[in-house]
Amino acid sequence: MRVATIGTGITNRFIEALKMTKGASLEAVFSRTPERAKTFAAKQGVKKFYSDIDKMLQDPDIDTIYIASPNSLHFEHSKKALQAGKNVINEKPFTSTLQETKKLFDLAQTQNRFIFEAITTIHLPNYQIIKDNLPRCGNIKMLTLNFSQLPLRYFTYMAGKQVNVFDPAFSGGALYDINVYNIHFTLGLFGRPKAYKYYPNIGKTGIDTSGILIFVYDGFIANLIATKDSVSDYVFYVQGDKGVIKISGSSLGGCKNVDLFLYEGANHPGGVVKLDGFSMDEKYTSIGIEQKQHMSYEVEAFAGIIKNNDFAAYEKLKKQTLDVMEILYNCRIDAGIKFSSDELSK
């Protein structure tokens, strides 16, 4: 997998992961500004740099394009790369609309190429550990996923200045920017909910600065919270009638700490410990492992699929991206959140 990068969103961490992956290499970088492209290439120890995206896509030494440009450009850049015969690794959110997502997957199939959503969560070893330990929690009753952050850009936005993540022209908002992690986490464990609805706090540009997404499953409810206007610890709970899994220490994109608490003991009728809700921390047992740099696992997965033409693994990832994008798009439209690209994508 010989990669070139577009955009600077989280490119440094991706490049670090790329360098850790056997059979993967960074061949070139792109920036619209020639001097910036040259400087970034030198920093990464890469000989090739481009300020013309079309010239970069003609480079025969490149077979895969990593896209971390603003959300609103994901579709355009992915389409160009696929049309040039390249594989694509596209940062979340995959596109601005569901129709754009379907078009890209159709184009990838026509071109006999792969296109992936760069979502780390579902590739992490600790995520698999969570999945493996779900039966120990008994019947699942509640999920609480809280991914809340307060970036400095929020105050820039509140001062009346343009900020991509709060701008409908750049497909911004808390739902698309970070609640997408909560959605991937939940769908990867439990599949599609039977019902869902998004309750946003709408900012002055018409974009959601925070919100709660409710998933309804048979027997339990998931509360998916994401904010870009207030802050909380990153703590996530999967609650069952026999135990609880707690994920903490990072966002769900990292799943750094995974702890399990089982309701077992002899000091309560039925052999269950009496819980007061305030002393549970000391009762948790760590079941997670110390992971490598979190983006390295997705890079390894993508490189393996490309190398082995593993269409079974690819179709599984494709289905999850389609399901997530359908939920993102329907929730956004139902909440009255409009992007500038909506009419163009029809």
Flag the pair Lys47 and Asp61 as a salt bridge only when some basic side-chain nitrogen lies within less than 4.0 angstrom of an acidic carboxylate oxygen.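 Result for this pair is no, no salt bridge flagged.
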
Are the charged groups of Lys80 and Asp54 less than 4.0 angstrom apart, N to O?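 Here Lys80 pairs with Asp54 in a salt bridge, since their nearest N and O are under 4.0 Å apart.
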
Okay, side chain of Asp334, backbone of Asn330: is any donor-acceptor separation there less than 3.5 Å?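 The answer is no, because no donor-acceptor pair under 3.5 Å joins these two groups.
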
Just by distance, do the side chain of Gln44 and the backbone of Ile15 share a donor-acceptor pair under 3.5 Å?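 No; judged by distance alone, with no hydrogens or angles, the pair does not exist.
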
Does the side chain of [X] come under 3.5 Å of the side chain of [Y] through a donor N or O and an acceptor N or O?
X      : Y      : value
Ser72  : Ser171 : no
Gln239 : Asp241 : no
Asn182 : Asn179 : yes
Tyr234 : Gln149 : yes
His184 : Thr121 : no
Gln128 : Asp132 : yes

Tell me whether Lys197 forms a cation-pi arrangement with Tyr199, defined as NZ or CZ under 6.0 Å from the six-membered ring centre and within 45 degrees of its axis.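 Here Lys197 passes the 6.0 Å and 45° test against Tyr199.
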
As an exercise, state the distance from [atom1] of [X] to [atom2] of [Y], rounded to the nearest 0.5 Å.
X      : Y      : atom1 : atom2 : answer
Met295 : Arg13  : CE    : CZ    : 6.5 Å
Thr110 : Lys103 : OG1   : NZ    : 13.5 Å
Arg153 : Gln162 : CZ    : CD    : 11.0 Å
Phe339 : Tyr176 : CZ    : OH    : 5.0 Å
Ile225 : Ile178 : CD1   : CD1   : 11.0 Å
Glu117 : Leu317 : CD    : CG    : 9.5 Å

Is the [atom1] atom of [X] crowded by more than 12 outside heavy atoms at less than 6.0 Å?
X      : atom1 : result
Lys292 : NZ    : yes
Glu290 : CD    : no
Lys19  : NZ    : yes
Lys48  : NZ    : yes
Glu326 : CD    : yes

Do [X] and [Y] come within less than 4.5 Å of each other through their side chains, counting heavy atoms only?
X      : Y      : result
Asp167 : Ile207 : no
Ile214 : Asn223 : yes
Ser96  : His74  : no

Let me see the working for Ile245 and Cys137 under side chain to side chain contact (heavy atoms under 4.5 Å, CB included), right down to the final yes or no. CA-CA 8 Å; Ile245 294 174; Cys137 295; 3.6 Å; yes

Please verify the inter-ring angle class for Phe311 with Tyr314; under 30° counts as parallel, over 60° as perpendicular, anything in between as tilted.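 Because their plane-to-plane angle is over 60°, the rings of Phe311 and Tyr314 count as perpendicular.
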
Kindly give the heavy-atom pair with the smallest separation between [X] and [Y], and that separation in Å.
X      : Y      : answer
Asp177 : Lys92  : O-NZ, 2.7 Å
Tyr66  : Ala118 : CE1-CB, 4.5 Å
His77  : Ile67  : C-CD1, 3.6 Å
Lys283 : Phe261 : CB-CE1, 3.3 Å
Ile247 : Cys255 : CG2-CA, 3.8 Å
His123 : Phe302 : NE2-CE2, 3.9 Å

Is the distance between the ring centroids of Phe105 and Phe94 under 6.0 Å? yes

Would the Phe190 and Phe220 ring centres measure less than 6.0 Å apart? yes

Pairs in or reaching into residues 203-220: which pass side-chain hydrogen bond (donor to acceptor under 3.5 Å, both in side chains), with residues at least two apart or in two chains? Lys194-Asp218, Tyr198-Asp208, Asn201-Ser210, Thr209-Asp229, Ser210-Asp229

One pair to check against side chain to side chain contact (heavy atoms under 4.5 Å, CB included): Lys246 and Asn257. What are the steps and the verdict? CA-CA 8 Å; Lys246 178 174 74 172; Asn257 302 322; over 6 Å; no

Sequence-distant partners of Asp310, side-chain hydrogen bond (donor to acceptor under 3.5 Å, both in side chains), two or more places apart: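 Residues passing side-chain hydrogen bond (donor to acceptor under 3.5 Å, both in side chains) with Asp310: none at all.
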
Go through the structure and list residues passing side-chain hydrogen bond (donor to acceptor under 3.5 Å, both in side chains) with Tyr297, not counting sequence neighbours.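 Testing Tyr297 for side-chain hydrogen bond (donor to acceptor under 3.5 Å, both in side chains), a comparison that skips the adjacent residues, returns none.
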
Step by step, work out the salt bridge (charged side-chain N to carboxylate O under 4.0 Å, His left out) result for Asp323 and Lys319. CA-CA 6 Å; Asp323 286 344; Lys319 182 182 184 305; 2.7 Å; yes

